[in-house]
Protein chains: 2
Amino acid sequence: MLLDARKARKKVTLADVARMAGVSSMTASRTINYPEKVSEQLRDKVQQAIDTLGYIPNQFASSLASARSHVIGVAIPSLSNTVFNEVLRGIYDVTGRAGYKVVLVDTHYCPAEEERLVRTLLSQSPEAMIITGADQTDACRTMLRRSCVPVVQMMEMVEAPIDMNIGFSHYQAGYDVAAGLLARGCERIGFLGARMDPRVHQRLHGYRRALSERQLNNKTLEVTTEDPSSVGMGGQLMRQLWTQAAGQLDAVFCCNDDLALGALFECQRLGIDIPGQMLLCGFNDMDAMAHVNPSLSSVHTPRYEMGVKAAEMVLGALSDEGETGPKRLDIGYTVKWRDSARAPRPLTA
Amino acid sequence: MLLDARKARKKVTLADVARMAGVSSMTASRTINYPEKVSEQLRDKVQQAIDTLGYIPNQFASSLASARSHVIGVAIPSLSNTVFNEVLRGIYDVTGRAGYKVVLVDTHYCPAEEERLVRTLLSQSPEAMIITGADQTDACRTMLRRSCVPVVQMMEMVEAPIDMNIGFSHYQAGYDVAAGLLARGCERIGFLGARMDPRVHQRLHGYRRALSERQLNNKTLEVTTEDPSSVGMGGQLMRQLWTQAAGQLDAVFCCNDDLALGALFECQRLGIDIPGQMLLCGFNDMDAMAHVNPSLSSVHTPRYEMGVKAAEMVLGALSDEGETGPKRLDIGYTVKWRDSARAPRPLTA
DNA sequence: TGCTACCATGTTTGCGGTAACAAATCACAA
DNA sequence: TTGTGATTTGTTACCGCAAACATGGTAGCA
């Protein structure tokens with residue numbers, strides 16, 4: 001009976017509106033989509049009918065008939081990671097203003113899951129897609145190419161993008177951090193990593209490269225886990241690293257800020273002085289980093305801006321197929337050296 | 001031209017698949033939706049055609065024809081608030097497993113915006129809706145009622161829910177924190193608040209109530225702002241409160257954990273000993289709270305579980321209209337008293 | 001052998017809109 | 001007055017798929 005009520009009541013269609021207003025359904029449709037093409041008199045009548053009936057257009061019918069979905073598909077690897085939330089905010093702000101809806105999926109850092117979800121997204125005829133990173137399955141890439149919609153891969157620079165690309169070099173950022181720590185006189189530099197997604201791996205490789213240039217590589221100073229990142233995990237990994245390194249540690253580069261915070265707090269408990277005894281650097285530069293004591297060094301990444309730009313790129317491609325704007329955009333990053341990495345000894349460089 | 005290519009190529013329809021497989025389009029449709037109703041022989045042929053053509057079903061046509069959208073609409077006030085991300089994760093986990101898609105909107109804590117977005121959502125014929133809190137506009141409530149889809153209001157307990165409700169009492173939680181601080185011998189208890197959404201107001205009212213029962217209310221100890229919450233903001237507000245209170249402060253209740261962290265860091269810089277000189281308590285119990293030094297007291301809220309339950313409630317209502325499960329569910333909370341609120345003096349209670 | 005029952009498949013129809021075209025109305029200059 | 005073009009409104013067809021019903025074939029049984 002509830003179901004019947006539902007069925008019975010849900011049926012306020014454009015035809016109902018038109019009938020009530022005494023016009024053709026086409027005029028009713030125009031009142032909604034092209035009000036300037038309808039005389040004021042009829043417009044009012046139709047609007048009144050819409051209001052009294054509580055008419056809500058059926059998006060499916062509209063999209064089917066007009067072949068326009070006003071949907072932009074977005075795939076991110078994690079909903080609970082602050083980094084992506086800020087990117088998302090940028091995307092929502094820009095696309096929302098332009099009258100587009102976002103359909104968002106969470107791939108859980110899993111390419112197979114991503115493939116499944118992209119298929120789902122494509123079945124909603126998105127007019128564009130924004131996806132994360134470069135580790136799509138071949139099938140996924142093929143689908144996206146065949147779909148012929150503008151695609152932006154974001155968060156990192158991609159060698160051979162499916163279509164467009166915005167991001168920055170995590171490899172270079174990792175290199176820069178390690179190089180900065182070396183320049184501050186550190187030689188035994190540890191690395192803490194969690195979740196270990198492709199971008200974390202790139203940061204790790206950059207770090208390794210910088211160290212190997214000075215023959216300072218040391219695998220026992222790398223502590224990583226596939227488990228998700230958290231402040232608690234940062235403490236755990238820090239404790240493990242401290243043990244493995246037998247206290248012989250000049251600095252630690254954490255693959256993200258949660259780990260860095262956790263590492264800092266753990267050091268405080270272990271009685272390790274930061275930066276007196278050891279330097280610390282995180283990644284992403286979340287809000288808290290600048291305010292904790294000592295303030296924590298980190299790599300500032302323009303996340304909101306990246307979302308904005310990614311959205312602008314697809315909208316640009318949509319607007320008039322105008323090849324305005326570059327296909328690949330390196331948005332850069334800034335290493336913020338703060339109190340946690342004030343040189344404890346004179347800079348050698 | 002690109003557009004033409006797009007148009008031309010996008011047209012892999014079910015009919016194309018059927019033609020290639022030498023069957024009727026209905027058989028092709030069944031192969032996808034009810035494979036057990038098609039002979040293995042034809043099923044293989046159709047599947048092969050699907051694969052070679054790269055066919056992706058058109059969701060709009062499907063939903064229009066079948067009157068089923070498999071969509072659940074979700075409205076949250078902020079994408080960048082970790083609290084909602086965890087709730088969302090619960091929702092996505094449950095609905096995803098059940099074969100539903102989530103369409104998510106961000107109301108920016110604005111009822112008018114929410115109304116607009118709910119209208120948009122309803123135009124996608126969602127089979128259920130999950131929304132946040134109780135401060136909808138009347139028009140919004142009417143729309144939701146008329147839509148006749150199951151609706152869950154989550155995050156707080158609502159007096160007269162539109163349909164279903166899951167949450168906990170922010171008023172009671174605020175009361176409990178203040179009462180706990182009173183019980184620890186504090187008399188001058190400050191309140192820091194940011195963004196001041198309805199739930200924060202409820203916490204504030206609970207706090208006021210506990211204080212007024214002891215005639216300890218003092219408006220100069222309440223520092224709030226409409227600006228968004230952040231660790232930095234927590235520091236700012238703490239500084240302001242410290243000034244206003246002229247150092248006469250036994251404890252501070254922060255309306256959320258970001259503020260609490262910022263307040264703690266600021267206290268460290270101001271040389272205020274926590275908990276020796278002043279107690280501190282936050283709200284939500286994010287990951288970092290248990291690991292910072294001193295560990296921070298907070299109100300633990302089961303966010304992921306709330307998302308899970310909210311999703312289960314709508315799915316339950318959907319499954320068979322079975323009136324299984326309650327319409328209103330108080331999921332509760334737990335005040336976690338940690339080092340930041342160890343009584344500096346003997347408990348009076 | 002004829003009958004029903006059931007399964008696998010095909011045909012028809014319509015979901016609720018909009019594009020494209022057709023028709024009617026109006027304005028205004030020749 | 002009439003013609004011309006612009007403006008407003010209506011008519012028709014169809015978007016791509018699935019529900020409902022129709023059909024033909026096969027098996028089981030008396």
Side-chain angles (χ1 to χ4, degrees), chain A residues 3 6-47 49-50 53-71 122-125 127 147, chain B residues 3 6-46 49-50 53-71 120 122-125 127 147:
Chain A
L3 243 176
R6 241 167 243 196
K7 286 245 174 86
R9 219 169 318 167
K10 192 180 265 186
K11 290 212 185 190
V12 180
T13 76
L14 194 61
D16 298 328
V17 171
R19 200 170 311 119
M20 181 171 204
V23 300
S24 75
S25 60
M26 204 51 227
T27 299
S29 171
R30 276 193 278 255
T31 305
I32 294 171
N33 299 306
Y34 309 96
E36 76 281 2
K37 292 195 168 182
V38 177
S39 69
E40 201 179 325
Q41 185 194 6
L42 288 191
R43 217 189 303 155
D44 289 348
K45 268 195 201 164
V46 172
Q47 190 56 54
I50 288 175
L53 291 174
Y55 170 70
I56 293 180
N58 182 321
Q59 197 56 55
F60 297 132
S62 169
S63 293
L64 183 59
S66 68
R68 290 220 46 192
S69 66
H70 292 280
V71 160
L122 287 178
S123 77
Q124 301 178 59
S125 315
E127 300 186 18
S147 74
Chain B
L3 242 178
R6 242 168 240 195
K7 286 244 175 85
R9 219 172 316 169
K10 192 181 268 190
K11 290 212 186 193
V12 180
T13 75
L14 194 60
D16 298 328
V17 171
R19 200 170 311 119
M20 182 172 203
V23 300
S24 76
S25 60
M26 205 49 229
T27 298
S29 171
R30 275 192 277 256
T31 305
I32 294 170
N33 299 306
Y34 308 95
E36 75 281 1
K37 294 194 167 183
V38 177
S39 68
E40 198 179 326
Q41 185 193 6
L42 288 193
R43 217 188 305 156
D44 290 348
K45 266 194 199 163
V46 172
I50 287 176
L53 291 175
Y55 170 70
I56 294 181
N58 181 322
Q59 196 56 55
F60 298 130
S62 170
S63 292
L64 183 59
S66 68
R68 290 221 47 191
S69 66
H70 292 280
V71 160
T120 303
L122 287 178
S123 78
Q124 301 179 58
S125 313
E127 301 186 17
S147 75

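So that the names make sense, note that chain A is the first sequence line, chain B the second, and so on, each numbered from 1.
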Novice: Can you check whether B/Tyr34 has a side-chain N or O nearer than 4.0 Å to OP1 or OP2 of D/dA19?
Specialist: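 It does, given that an N or O in the side chain of B/Tyr34 lies less than 4.0 Å from OP1 or OP2 of D/dA19.
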
Novice: May I ask you to say what A/Thr27 touches in the nucleic acid, namely base, sugar-phosphate or nothing, with a heavy-atom cut-off under 4.0 Å?
Specialist: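 Sugar-phosphate only.
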
Novice: Not counting sequence neighbours, which residues clear salt bridge (charged side-chain N to carboxylate O under 4.0 Å, His left out) with A/Asp16? List them please.
Specialist: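 Once residues adjacent in sequence are excluded, the partners of A/Asp16 under the salt bridge (charged side-chain N to carboxylate O under 4.0 Å, His left out) criterion are A/Arg19.
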
Novice: Taking all atoms of both residues into account, what is the closest heavy-atom pair of A/Ala28 and A/Val46, and its distance?
Specialist: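 Between these two residues, the closest heavy atoms are CA-CG1, 4.0 Å.
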
Novice: Would you kindly give the NZ-to-P distance between B/Lys45 and C/dA8, to the nearest whole Å?
Specialist: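 Taking NZ of B/Lys45 and P of C/dA8, I get 16 Å after rounding.
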
Novice: What's the CD1-C1' distance between A/Ile50 and C/dG17, to the nearest Å?
Specialist: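 Roughly 13 Å, once rounded to whole Å.
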
Novice: Within the sub-3.5 Å range, which N or O atoms of nucleotides 22-24 of chain D have a protein N or O partner, and how far apart are they?
Specialist:
none

Novice: So, OP1 or OP2 of D/dA19: does either fall under 4.0 Å of a side-chain N or O from B/Ser66?
Specialist: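 Answer is no, no contact under 4.0 Å.
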
Novice: Whole-Å distance between C/dG16 C1' and B/Gln124 CD?
Specialist: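 In whole Å, C/dG16 C1' lies 15 Å from B/Gln124 CD.
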
Novice: Nearest to the side chain of B/Leu64 - D/dC17, D/dG16, C/dA8?
Specialist: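 Nucleotide nearest to B/Leu64's side chain: D/dG16.
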
Novice: Taking only side-chain nitrogens and oxygens of B/Ser62, does any of them come within less than 4.0 Å of OP1 or OP2 of D/dA18?
Specialist: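 So the side chain of B/Ser62 is within the cut-off, an N or O lying under 4.0 Å from OP1 or OP2 of D/dA18.
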
Novice: Checking contacts here: which listed nucleotide (D/dA18, C/dG17, C/dA8) is nearest the side-chain heavy atoms of B/Ser39?
Specialist: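 For B/Ser39, the side-chain atoms sit closest to C/dA8.
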
Novice: Any idea which of C/dG17, D/dG16, D/dA18 is nearest the B/Asn58 side chain?
Specialist: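 Looking only at heavy atoms from C-beta outward on B/Asn58, the closest nucleotide is D/dG16.
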
Novice: What integer distance in Å separates B/Glu36:CD from C/dC7:P?
Specialist: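 The distance from CD of B/Glu36 to P of C/dC7 comes to 12 Å, rounded to the nearest Å.
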
Novice: Write down the distance between NZ (B/Lys11) and P (D/dC14), rounded to a whole number of angstrom.
Specialist: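 Result: 12 Å.
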
Novice: Expressed as a whole number of angstroms, how long is the span from B/Met26:CE to D/dA19:C1'?
Specialist: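 Roughly 7 Å, once rounded to whole Å.
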
Novice: Which of these nucleotides, D/dG16, C/dG17, D/dA18, is closest to any side-chain atom of A/Thr13?
Specialist: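 Side chain of A/Thr13 sits closest to C/dG17.
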
Novice: Under a 3.5 Å distance rule, please check whether B/Glu127 uses its side chain to pair with a backbone N or O of B/Ser69 as donor and acceptor.
Specialist: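 Yes.
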
Novice: Starting from P on C/dA8, measure out to CD on B/Gln41 and report it in whole angstrom.
Specialist: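 Distance check: B/Gln41 CD to C/dA8 P gives 12 Å.
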
Novice: Look at the side chain of A/Val23 and decide which nucleotide, out of D/dG16, D/dG10, D/dA18, has an atom nearest to it.
Specialist: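 Output: D/dG10.
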
Novice: Using side-chain heavy atoms (C-beta onward) and a distance below 4.5 Å, is B/Val23 in contact with B/Lys45?
Specialist: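 No. Closest side-chain heavy atoms not under 4.5 Å.
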
Novice: What I'd like to find out is whether the side chain of A/Thr27 reaches to under 4.5 Å of the side chain of A/Val38, using heavy atoms alone.
Specialist: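 Yes. Closest side-chain heavy atoms under 4.5 Å.
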
Novice: For a quick check under 3.5 Å, do B/Ser123 and B/Thr120 share a side-chain donor-acceptor pair by atom type?
Specialist: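 No, because no side-chain N or O of B/Ser123 sits under 3.5 Å from a partner of the opposite role on B/Thr120.
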
Novice: Output all residues satisfying side-chain hydrogen bond (donor to acceptor under 3.5 Å, both in side chains) with A/Thr31, sequence neighbours left out; order by chain, then residue number.
Specialist: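 A/Thr31 satisfies side-chain hydrogen bond (donor to acceptor under 3.5 Å, both in side chains) with no residue once adjacent residues are dropped.
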
Novice: Taking for each residue the nucleotide of DNA chain D bearing the nearest heavy atom, is the 5' side occupied by A/Ala65 or by A/Arg30?
Specialist: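 By nearest-heavy-atom nucleotide position, the 5'-most residue is A/Arg30.
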
Novice: So which nucleotide from D/dC17, C/dT18, D/dA19 ends up closest to the side chain of B/Tyr55?
Specialist: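 Nearest nucleotide to the side chain: D/dC17.
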
Novice: To the side chain of B/Leu14, which of C/dG16, D/dC17, C/dT9 is closest?
Specialist: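 Given the options C/dG16, D/dC17, C/dT9, the side chain of B/Leu14 is closest to D/dC17.
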
Novice: Within a strict 4.5 Å, meaning less than it, do heavy atoms of the B/Ser125 and A/Asn58 side chains meet?
Specialist: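 Yes; the side chains approach each other to less than 4.5 Å.
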
Novice: Figure out the NZ/P separation between A/Lys37 and C/dT18, and round it to whole Å.
Specialist: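 Result: 13 Å.
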
